[in-house]
Amino acid sequence: MKRYFDHKITKLSRCEIFVFGSNLQGHHNGGAARLAHQKFGAQWGVGVGPSGQCYAIPTMHGGINDIKHFVDDFIEYARTHPDNRFLVTRIGCGIAGFTDEEMAPLFKEALKLPNVNFSKEWLLILHEDEFIDAFITGIEPPKKVVPVPMTLTENDLIRLCSEYKYTIGSGVKVPLPEIRIRYVIDQGRFGYSNFGDFYMCDDGELYVWCSGDEFKEYHNQCMVEEFFQDECRERGSRRYFHRVIFAGVETPLRDCNGKTLYTGDVIRVWLKGYDGSVPENFDKKNSMLLALGTLGENTDRWDAKYACVLDNHCVTPDMCAKIQRCGTVFYQLDPNEYPITIFNRCMKFQDIYNTSGLAEEDKEVLAEYTPNFDQELWKYHANKTLGIEFNSK
């Protein structure tokens, strides 16, 4: 989505606010003020601040310095209403008699807010801002590193999605955390999504924006409008929003074959000796079959880390001489189940006390043929016996 508009505004989406120049008396007789009153609910007699789907900034009572503090108030209002998209018209450049070059600089601080849009004329005036040329030309803005925790838990994803909710709904191009997740599309198919194209709710439910008509029937417009308070018509090709099963976050870890590891991956590990020594051979009998998850949360006391959690201890990557990816924990799935955390899925796989009665070869074949909605163990073994290929990557 672009940060400017180059057309006459004739309608607003649910989240959009029409920002116009007014007089202190709120007599909306002409220009954008008249449009605001007649079409977008600006109240007669309200010359400052919000009313209807509008925000009035008085421009008829003095010079630039007299207007500035009203602009500053608007910027603060936009900052504290991050779910709204503010369309700033060329206020003060009509009946009030100011020029674009005089008025536009008052709004320079608003350029830092992704939910404030301007006319193309004003962005051209404010082209010194490092992102404006990129927005106008369609070129990606210069990359800025957005700090994220070293280890990402589901709580981190929920927090970041809430923080960037407007950006995720609108698709506006701003620097975003570099996070990649995996999700289940259907039987035998994983999908992948970068931050900005997915939304994780407080209860752990995951929704993704997708392109491709195969997802059209799954699009949930009701959830779009509930989450983002907007129709989100401006998202471009990624316009289908639907619920999926979360299947892990990309980690910086790689296995012995160079495969990227995600939380929820099942890995075979060969441990180092207590002195850090490496085993003389890597036979299967000298290994452990474990599931990679996260341990702990980012708190003042300690940081989370990627680990295979066992009974009263854990196995971390630095303890391993060799790691080999074998599959994932996304077997025997239920598409309608309440979200299960990766931690709990991993603990179910580890099954420390072996209450499930599953042998290691059963666990290995369950992990290999994922993602999978079949409930019966024999179907997984049948896949292996018949040589059916699953791409568990």
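Nothing fancy with the numbering, it's 1 onward along the sequence.
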* To do: Look at atom CG of Asp202 and say whether more than 12 heavy atoms of other residues, nucleotides or ligands are closer to it than 6.0 Å.
  => no

* Structure fact -> One should read off an interatomic distance between Asp318 CG and Leu253 CG, to the nearest 0.5 angstrom, of 10.0 Å

* Going only through I, L, V, M, F, W and Y residues with side-chain contacts under 4.5 Å, is there a path from Leu206 to Phe373? -> yes

* Is atom CD of Glu280 surrounded by more than 12 heavy atoms (other residues, nucleotides or ligands) closer than 6.0 Å? -> no

* Any luck finding a side-chain donor-acceptor pair between Arg85 and Asn115 under 3.5 Å? -> no

* Asked: Ring centres of Tyr262 and Phe190 under 6.0 Å apart?
  -> no

* Arg14/Asp83 under salt bridge (charged side-chain N to carboxylate O under 4.0 Å, His left out): CA gap, chis, key distance, verdict -> CA-CA 10 Å; Arg14 287 179 60 190; Asp83 293 341; over 6 Å; no

* Should Ile9 and Glu16 count as side-chain neighbours, where that means a heavy-atom distance under 4.5 Å? -> no

* To do: Compare all side-chain heavy atoms of Arg159 with those of Pro149 and state whether any distance is below 4.5 angstrom.
  => yes

* To do: With rounding to the nearest 0.5 Å, note down the distance linking OH in Tyr306 to CG in Leu152.
  => 4.5 Å

* Do you know which two heavy atoms are closest between Ala78 and Leu113, and how far apart they sit? -> CB-CD1, 4.0 Å

* **Ser277 versus Asp275, side-chain donor and acceptor atoms under 3.5 Å** => yes

* Can you check whether His81 and Tyr55 have ring centres sitting under 6.0 Å from each other? -> no

* Asked: In this structure, which one of Phe330, Tyr380, Phe349 forms a side-chain contact (heavy atoms from CB on, under 4.5 Å) with Leu366?
  -> Tyr380

* In terms of hydrophobic clustering (I, L, V, M, F, W, Y; side-chain heavy atoms under 4.5 Å; direct or indirect links), are Ile181 and Val146 co-clustered? -> yes

* To do: Measure the acute angle between the ring planes of Phe241 and Trp209, then classify it against the limits of 30° and 60° as parallel, tilted or perpendicular.
  => tilted

* Backbone N/O of Lys379 and side chain of Asp374: donor-acceptor pair under 3.5 Å -> no

* To do: Quick one: closest heavy-atom pair of Cys326 and Glu364, and the distance?
  => SG-OE2, 4.5 Å

* Between Trp270 and Gln324, which heavy-atom pair has the shortest distance, and what is it? -> CH2-OE1, 3.9 Å

* Could you check if a side-chain atom of Leu123 sits within less than 4.5 angstrom of a side-chain atom of Leu111, using non-hydrogen atoms only? => yes

* Decide yes or no for Ile64 and Lys68: does some side-chain heavy atom of the first lie under 4.5 Å from some side-chain heavy atom of the second? => no

* Can you list the steps and then say if His242 with Asn220 is a side chain to side chain contact (heavy atoms under 4.5 Å, CB included)? -> CA-CA 6 Å; His242 63 103; Asn220 193 328; 5.6 Å; no

* Any chance you could measure Lys216, atom NZ, to Arg239, atom CZ, to the nearest 0.5 Å? => 7.5 Å

* Can you tell if the side chain of Glu231 reaches within under 4.5 Å of the side chain of Gln221, non-hydrogen atoms only? -> yes

* ILVMFWY cluster, Ile95 and Phe70 together (side-chain gap under 4.5 Å) -> no

* Measure centre to centre between the rings of Phe20 and Phe40, then say whether the value is under 6.0 Å. => no

* Centroid separation Phe195 to Tyr164 less than 6.0 Å -> yes

* Asked: Which heavy atom of Pro279 sits nearest a heavy atom of Ala321, and at what distance?
  -> CD-CB, 3.6 Å

* Judged by modelled atom types alone, do Asp362 and His381 share a side-chain donor-acceptor pair under 3.5 Å? -> yes

* Atom pair CZ/CD of Phe246 and Glu205 - distance to nearest 0.5 Å -> 13.5 Å

* Side-chain contact, heavy-atom cut-off 4.5 Å: Phe228 with Cys15? -> no

* Start with the C-alpha distance between Ile91 and Met103, add both sets of side-chain angles, then the distance that settles side chain to side chain contact (heavy atoms under 4.5 Å, CB included), and finish with yes or no. => CA-CA 7 Å; Ile91 71 164; Met103 292 300 302; 3.9 Å; yes

* Asked: Would you say the side chain of Tyr166 lies within less than 4.5 Å of the side chain of Asp230, judging by non-hydrogen atoms?
  -> no

* Are Tyr199 and Val148 grouped together when hydrophobic residues (ILVMFWY) are joined by side-chain heavy atoms under 4.5 angstrom apart? -> yes

* Asked: Do the rings of Trp44 and His27 sit parallel, tilted or perpendicular, given the 30° and 60° boundaries?
  -> parallel

* Carefully, step by step, assess Cys320 and Leu271 under the rule side chain to side chain contact (heavy atoms under 4.5 Å, CB included). => CA-CA 4 Å; Cys320 302; Leu271 298 178; 4.2 Å; yes

* Asked: Heavy atoms, side chains only, cut-off 4.5 Å: are Phe18 and Leu35 in contact?
  -> yes

* Do you know the tightest heavy-atom contact between Leu87 and Leu12? -> CD1-CD2, 3.9 Å

* Asked: Linking I/L/V/M/F/W/Y whenever their side-chain heavy atoms sit closer than 4.5 Å, directly or via other members, would Ile158 and Val249 fall into one cluster?
  -> yes

* Structure fact -> Rounded to the nearest 0.5 angstrom, the SG-CG distance for Cys314 and Leu295 is 5.0 Å

* **Test: Glu337 and Arg345 ion pair at under 4.0 Å** => yes

* Asked: What heavy-atom pair brings Ile323 and Leu261 nearest, and what distance separates the two atoms?
  -> CG2-CD1, 4.1 Å

* Starting at CG of Asp255, measure out to CZ of Arg268 and round the result to the nearest 0.5 Å. => 13.0 Å

* Going by atom types alone, do Asn372 and Gln332 pair a side-chain donor with an acceptor below 3.5 Å? -> no

* Asked: Should we count CD of Glu214 as having more than 12 external heavy atoms under 6.0 Å?
  -> yes

* Asked: Quick check: are there more than 12 heavy atoms from other residues, nucleotides or ligands sitting under 6.0 Å from OH of Tyr218?
  -> no

* Kindly indicate, with the supporting measurements, whether the criterion side chain to side chain contact (heavy atoms under 4.5 Å, CB included) is fulfilled by Val48 and Leu24. => CA-CA 7 Å; Val48 183; Leu24 287 169; 3.9 Å; yes

* To do: Using the ring of Phe227 (Phe, Tyr or Trp, six-membered ring only), decide whether Lys165 places NZ or CZ under 6.0 Å from its centre and within 45 degrees of its axis.
  => no

* Electrostatic pair Arg79-Glu76, nearest N-O below 4.0 angstrom -> yes

